[in-house]
Amino acid sequence: MEIENTETGKLETWTPEEVAAAYEKGEIALIDVRTPQEYMFEHIEGALLLPMSFVNAERLPSQEGKRLVIYCGSSMRSEKVARQCLAKGLQPVTHMKDGFASWKKAGLKPVPTTVKHPSRP
């Protein structure tokens, strides 16, 4: 885990392995800030979709009981959202290092979405 002290609070960056371990234990909830199209192609099982353009940091659920961990494709969008959350007073704020690409690179399993054509079995 990396911790950056910003003007508005601590920004935590977790590795995919740290995220997976905490997720397996039920300690965190995952927020996917990619587009619906990206999410539909593949995502982390159980992750909640909240595209970056719809995030309102003041309306995110409470972190009581479960910390929220934000991720995107490469960590650029998730870091922006995390910094927005810090600016609105949310603490702690965590996002996944190098995003969903690093999740797959670490050998962790995504959930692919298979779309069947209506005229094919």
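Only a predicted model underlies this, so the values are computations on that prediction, with no experimental measurement involved.
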Colleague: Using the salt bridge (Lys or Arg N to Asp or Glu O under 4.0 Å) criterion, which residues pair with E2? Sequence neighbours excluded.
Modeller: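 In terms of salt bridge (Lys or Arg N to Asp or Glu O under 4.0 Å), with neighbours along the sequence ignored, E2 is linked to K97.
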Colleague: Side chain to side chain contact (heavy atoms under 4.5 Å, CB included) with E18: which residues, sequence neighbours excluded?
Modeller: M1, W14, T15
Colleague: Once side chain to side chain donor-acceptor pair (under 3.5 Å) is applied, what residue pairs with a partner in residues 19-31 remain, sequence neighbours excluded?
Modeller: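 Output for this query is empty, none listed.
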Colleague: Kindly indicate whether the side chain of L108, heavy atoms from C-beta on, has any atom under 4.5 Å from the side chain of P16.
Modeller: yes
Colleague: Identify, with sequence neighbours excluded, every residue that meets side-chain hydrogen bond (donor to acceptor under 3.5 Å, both in side chains) alongside T13.
Modeller: H95
Colleague: So, using side chain to side chain contact (heavy atoms under 4.5 Å, CB included) as the criterion, who are the partners of K104 when residues are at least two apart?
Modeller: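 In terms of side chain to side chain contact (heavy atoms under 4.5 Å, CB included), with neighbours along the sequence ignored, K104 is linked to E42, F100, P110.
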Colleague: Can you list the other members of the hydrophobic cluster that holds M76, where links are side-chain heavy atoms under 4.5 angstrom apart?
Modeller: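 None; M76 is a cluster of one.
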Colleague: State which residues pass side-chain hydrogen bond (donor to acceptor under 3.5 Å, both in side chains) with S74; sequence neighbours excluded, sorted by chain then number.
Modeller: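 S74: no side-chain hydrogen bond (donor to acceptor under 3.5 Å, both in side chains) contacts found.
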Colleague: L48: which residues meet the side chain to side chain contact (heavy atoms under 4.5 Å, CB included) condition with it, sequence neighbours left out?
Modeller: I31
Colleague: Who passes salt bridge (Lys or Arg N to Asp or Glu O under 4.0 Å) against K80, sequence neighbours left out?
Modeller: none
Colleague: Measure the shortest side-chain to side-chain distance between I28 and V19 over non-hydrogen atoms and say whether it is less than 4.5 angstrom.
Modeller: yes
Colleague: Residues two or more places apart in sequence or in another chain: which of them pass side chain to side chain contact (heavy atoms under 4.5 Å, CB included) with P92?
Modeller: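 Only E12, Q63, R67 meet the side chain to side chain contact (heavy atoms under 4.5 Å, CB included) criterion with P92.
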Colleague: Would a single hydrophobic cluster contain both M52 and V93, if residues Ile, Leu, Val, Met, Phe, Trp and Tyr are joined by side-chain heavy-atom contacts under 4.5 Å?
Modeller: yes
Colleague: Provide the full list of salt bridge (Lys or Arg N to Asp or Glu O under 4.0 Å) pairs with a residue in residues 83-93, sequence neighbours left out, each pair given once.
Modeller: E4-R83, E58-K88, E79-R83
